[in-house]
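Structure first, then comments.
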Amino acid sequence: MKVVVYSHDADTRAEMRLAIGERPAPDAPEAEIIEVATSPALFRLLDAGGVDVMVLDGEAQPAGGMGVSRQAKDEIYHCPPVLLIIGRADDQWLATWSRADAVIAHPIDPVALARELAALMRARPAARAITAQ
């Protein structure tokens with residue numbers, strides 16, 4: 001499955017990539033990780049299709065993951081699920097506004113990221129089958 005990790009910070013993208021590994025859980029599909037550092041690059045990928053799930057850094061600059069998630073959910077037909085990494089647990093209400101499908105907080109907990117991403121990945125094949133009909 002194609003997993004896009006989005007952050008302006010290369011170190012944050014590396015943390016995401018390491019937490020995901022080849023697959024986030026033994027029963028989850030293999031992850032083909034695509035790194036992007038800007039929202040225009042992310043939206044080009046989404047427009048081209050084939051993205052299965054996104055991991056967005058809520059603290060990315062200049063376009064934060066919360067706003068990017070909201071925009072993607074508004075503009076992309078059959079938008080892939082979003083795992084949002086928020087700056088602090090108190091930002092949960094903003095994550096709800098962004099329409100993220102799953103949320104974890106900084107600092108990145110690799111176990112939590114892998115768990116939440118695996119759940120989104122497991123659910124994705126069923127969603128694809130429904131939208132293809």
Side-chain angles (χ1 to χ4, degrees):
M1 293 189 116
K2 290 186 181 179
V3 178
V4 173
V5 295
Y6 165 76
S7 178
H8 75 286
D9 186 311
D11 291 335
T12 300
R13 291 193 313 272
E15 281 185 75
M16 294 174 185
R17 191 178 60 251
L18 288 172
I20 297 166
E22 287 183 24
R23 66 179 69 220
D27 63 335
E30 281 191 32
E32 177 187 336
I33 299 172
I34 303 166
E35 293 186 36
V36 294
T38 66
S39 61
L42 176 65
F43 280 96
R44 280 192 298 276
L45 281 171
L46 291 173
D47 288 338
V51 173
D52 294 299
V53 65
M54 298 183 284
V55 182
L56 307 179
D57 178 10
E59 302 300 302
Q61 296 176 14
M66 288 185 229
V68 168
S69 176
R70 176 74 180 220
Q71 181 179 354
K73 294 290 186 169
D74 284 347
E75 296 178 4
I76 303 299
Y77 185 65
H78 296 303
C79 183
V82 173
L83 169 55
L84 181 64
I85 303 171
I86 58 177
R88 24 183 219 124
D90 290 345
D91 291 337
Q92 181 67 42
W93 69 275
L94 284 169
T96 300
W97 168 85
S98 74
R99 299 188 193 148
D101 300 281
V103 179
I104 65 168
H106 278 288
I108 294 173
D109 175 351
V111 174
L113 189 151
R115 180 186 61 241
E116 295 298 328
L117 180 62
L120 294 177
M121 291 172 78
R122 285 185 207 105
R124 187 65 175 161
R128 273 188 171 176
I130 291 169
T131 58
Q133 296 176 357

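Keep in mind that what you see is a predicted model, and the values were worked out from it rather than measured. These values consider heavy atoms only, across backbone and side chains, with no hydrogens, waters or symmetry-generated copies.
Within the 3.5 Å criterion, the main-chain N or O of Ser98 finds a donor-acceptor partner in the side chain of Ser69. Side chain of Arg70 to main chain of Trp97: a donor-acceptor pair is present (N/O by atom type, distance under 3.5 Å, no hydrogens or angles).
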Chi angles and distances behind the side chain to side chain contact (heavy atoms under 4.5 Å, CB included) call for Ile104, Arg115: CA-CA 10 Å; Ile104 65 168; Arg115 180 186 61 241; 5.6 Å; no

Working for side chain to side chain contact (heavy atoms under 4.5 Å, CB included), residues Glu59 and Asp9: CA-CA 9 Å; Glu59 302 300 302; Asp9 186 311; over 6 Å; no

Side chain to side chain contact (heavy atoms under 4.5 Å, CB included) assessment of Val53 paired with Leu83: CA-CA 8 Å; Val53 65; Leu83 169 55; 5.6 Å; no

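No donor-acceptor contact under 3.5 angstrom links the side chains of Asp57 and His8, judged on distance only.
Lys2 approaches Gly50 most closely through the heavy-atom pair CD-O, 3.4 Å. Between Leu120 and Ala102, the closest heavy-atom pair is CD1-CB, 4.1 Å. The minimum heavy-atom distance linking Tyr6 with Met16 is given by the pair O-CE, 3.7 Å.
By the 4.0 Å N-to-carboxylate-O rule, Asp101 lies close enough to Lys73 to be salt-bridged with it. Between Arg88 and Asp91 a salt bridge is recorded (basic side-chain N to carboxylate O distance below 4.0 Å).
In this structure, the separation between CD1 on Ile108 and CD on Glu15 is 4.5 Å, given to the nearest 0.5 Å. One finds the CD atom of Glu32 at 12.0 Å from the CD1 atom of Ile20 (value rounded to the nearest 0.5 Å).
One hydrophobic cluster holds both Leu42 and Ile76 under the rule that ILVMFWY side chains link at heavy-atom gaps under 4.5 Å.
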